[in-house]
Amino acid sequence: MSGTTPPEADFEQAPGLLDGATTLTLTAEQCDLAYWLGHVAQGTLAGRAATGHAPEAATPDHMREDGPLRDALILELGFRSVAEEKATRILSHYVASAPGITEMEFYATQLVDEARHSMVFRKHLVELGIPADKLIPTIDEMAADYTRRVLDPVEEFAVRVVRDEGDFIGAVAVFAIVIEGVLAPAAELSERKWDPLDPAAGEIARGTAIDEIRHLAVGSSIIREHLLKHPEYRPRLAEILERGRRLWDEVPDEEFVMHREELFQEGMLQHADLVGDYEVWPGKKLIDTTPRERYDMAEQWTDEMAAARMAYMGITEPLTRAAREPR
């Protein structure tokens, strides 16, 4: 399928999340249902549809052993599976309120993408040794505090804009700018840090990142096109972004990410032989990083993505982590 799949949807050729989200331009017209069926379902997911990774990307035995490394991945996948489930449910409102067929088709495909992400995260938990018949209760228990304190406020904000306020464009901004800003700081890092330790987890992260690039690019193009046609909408968009800033200030996402980064640190040092000289970003060996350094770099990447997409949309208001009030 690689001969007909466009580079941005090809598992091997697609850019990383940071590069793709800052440079790629895609529209809803391009990424319609036919695009998804032909290039995502039969391209990106070829050989990986069931688990998110190729059969040869096996889960290593050390990832099934009790310890901080396994605990870190279980927490990451458990939390991300619940976040993607929330995203799927939120997006049902986007599909229902889409102003045209083009937008409806795109958000229908994004809804399926997010549901698939949640599924492959859950399935890898089973590959890590969590019994399938206890999977959902285990996830619900581990993610209960995260769901209540981080995800529920995010869901309430998005649903209020799209359903209660009836503002589809505002809702696109909530998802493409605000929600990704809250939930994405560790997404780029995930693929990079797990690749040498759990190839299956690395491939799962790679596949979800390819989808997220498309979601960010198309969402940005929808907002850009609307602002070009309706510049009078800018004050309303600025008000939504300000509410998004306040949401960023309120949700304690750092607390949860740092906890699992500390577990990862302990586990990584126990398996230093597997990490070796692997560089997590140019010039920096993974083994030499600290939890705070990885978190700060992930936030820097998120800021760079947000700044690039907002410049493309023609939005001048700053919306970066540096612009937030200190916690």
Side-chain angles (χ1 to χ4, degrees), residues 11 17 40-41 44-92 108-152 154-155 179-180 182-191 193-195 197-212 215 253 256-257 259-260 263-264 267:
F11 196 88
L17 179 57
V40 179
T44 310
L45 303 181
R48 298 176 172 88
T51 62
H53 62 83
E56 58 268 25
T59 304
D61 290 340
H62 66 263
M63 291 304 304
R64 295 191 180 91
E65 298 172 358
D66 288 338
L69 193 65
R70 178 175 180 268
D71 290 345
L73 185 53
I74 286 174
L75 281 175
E76 179 174 327
L77 295 178
F79 287 6
R80 292 186 72 185
S81 73
V82 175
E84 299 287 8
E85 178 192 344
K86 284 278 193 187
T88 304
R89 296 180 186 279
I90 292 168
L91 285 167
S92 67
T109 66
Q110 183 172 342
L111 183 152
V112 174
D113 286 337
E114 310 293 12
R116 185 190 73 82
H117 298 170
S118 183
M119 175 191 74
V120 295
F121 292 149
R122 291 194 307 270
K123 286 194 171 185
H124 196 49
L125 289 174
V126 175
E127 293 175 326
L128 293 174
I130 294 181
D133 60 344
K134 298 179 180 178
L135 180 62
I136 300 304
T138 299
I139 293 173
D140 288 346
E141 181 178 357
M142 82 168 76
D145 196 34
Y146 177 70
T147 299
R148 178 179 60 83
R149 297 173 63 196
V150 176
L151 298 182
D152 285 349
V154 170
E155 178 183 29
I179 291 181
E180 294 297 342
V182 172
L183 301 180
E188 170 78 359
L189 183 61
S190 181
E191 177 187 349
K193 76 180 186 184
W194 287 112
D195 200 45
L197 291 161
D198 185 347
E203 283 206 1
I204 290 168
R206 166 72 168 162
T208 59
I210 291 172
D211 290 338
E212 299 299 351
H215 303 163
D253 54 308
F256 294 95
V257 176
H259 173 60
R260 65 179 185 248
L263 287 171
F264 177 85

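Note that the coordinates shown come from a computational prediction; the quantities given were computed from them, not determined experimentally. Positions are given from 1 along the sequence.
When side chains are defined from C-beta on, Arg48 does not count as touching Ile204, because their heavy atoms never get closer than 4.5 Å. Taking 4.5 Å as the limit, every side-chain heavy atom of Leu151 sits out of range of all side-chain heavy atoms of Phe79. Side-chain contact between Leu69 and Asp198: absent, with no pair of heavy atoms (C-beta onward) separated by less than 4.5 Å. Counting heavy atoms from C-beta on, the side chains of Tyr146 and Val82 never come closer than 4.5 Å. Ser190 places a side-chain heavy atom less than 4.5 Å from the side chain of Arg80. Contact of the Leu77 side chain with the Leu128 side chain is registered, since non-hydrogen atoms from C-beta on lie closer than 4.5 Å. Between Trp194 and Phe264, the closest side-chain pair of non-hydrogen atoms falls below 4.5 Å. In this structure the side chain of Thr109 never reaches within 4.5 angstrom of the side chain of Val40, judged on heavy atoms.
A salt bridge links Lys86 with Asp152; the closest basic N to acidic carboxylate O contact falls under 4.0 Å. A salt bridge links Lys193 with Glu76; the closest basic N to acidic carboxylate O contact falls under 4.0 Å. Comment: Arg70 does not engage Glu65 in a salt bridge, judged by the lack of any side-chain N to carboxylate O separation of less than 4.0 angstrom. With respect to the salt-bridge test (charged N to carboxylate O, under 4.0 angstrom), the residues Arg206 and Asp195 do not qualify.
Glu191 pairs by the side chain to side chain donor-acceptor pair (under 3.5 Å) definition with nothing, not counting sequence neighbours.
Atom CZ of Arg122 and atom CD of Glu84 lie 10.5 Å apart (nearest 0.5 Å). One distance of note links CE of Met63 with CG of Leu197; it measures 7.0 Å at 0.5 Å rounding. Note: Leu111 CG to Leu91 CG = 5.5 Å, rounded to the nearest 0.5 Å. Here the straight-line distance linking atom CD1 of Ile139 with atom CD1 of Ile130 works out to 7.0 Å at 0.5 Å rounding. Interatomic distance, OG1 of Thr88 versus CZ of Arg116, reported as 11.0 Å (0.5 Å rounding). For the atom pair CG of Leu17 and CD1 of Ile210, the computed distance is 10.5 Å after rounding to the nearest 0.5 Å.
Taking every heavy atom of both residues into account, Gly47 and Pro55 meet most closely at O-CD, 3.7 Å. Nearest approach of Thr44 to Phe11, heavy atoms of both residues: O-CD1, 3.8 Å. Arg260 and Ala72 make their closest contact through O-CB, 3.6 Å (heavy atoms, listed as atom of the first residue, atom of the second, distance). Closest approach of Ala57 to Ala200, counting heavy atoms only: O-CB, 3.2 Å.
Between His53 and His124, the two ring planes are perpendicular [angle over 60°; tilted spans 30° to 60°].
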| request: Start with the C-alpha gap between Arg64 and Asp61, add the side-chain angles, then the distance that decides, and say whether salt bridge (charged side-chain N to carboxylate O under 4.0 Å, His left out) holds. | output: CA-CA 5 Å; Arg64 295 191 180 91; Asp61 290 340; 3.6 Å; yes
| task | List the steps, then state whether side chain to side chain contact (heavy atoms under 4.5 Å, CB included) holds for Lys123 with Glu127. | result | CA-CA 6 Å; Lys123 286 194 171 185; Glu127 293 175 326; 5.6 Å; no
| Passes salt bridge (charged side-chain N to carboxylate O under 4.0 Å, His left out), Asp253 versus Arg149? Steps please. | CA-CA 8 Å; Asp253 54 308; Arg149 297 173 63 196; over 6 Å; no
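The main-chain N or O of Ala115 is never found under 3.5 Å from a side-chain atom of Ser118 such that the two would form a donor-acceptor pair.
Other residues, nucleotides and ligands place no more than 12 heavy atoms under 6.0 Å from the CZ atom of Arg89. Within 6.0 Å of atom CG in Asp133, more than 12 heavy atoms from other residues, nucleotides or ligands are found, so the atom counts as buried in its surroundings.
Of the residues listed (Leu125, Leu263, Thr138), the one engaging Ile74 in a side-chain contact (heavy atoms from CB on, under 4.5 Å) is Leu125, and it is the only one.
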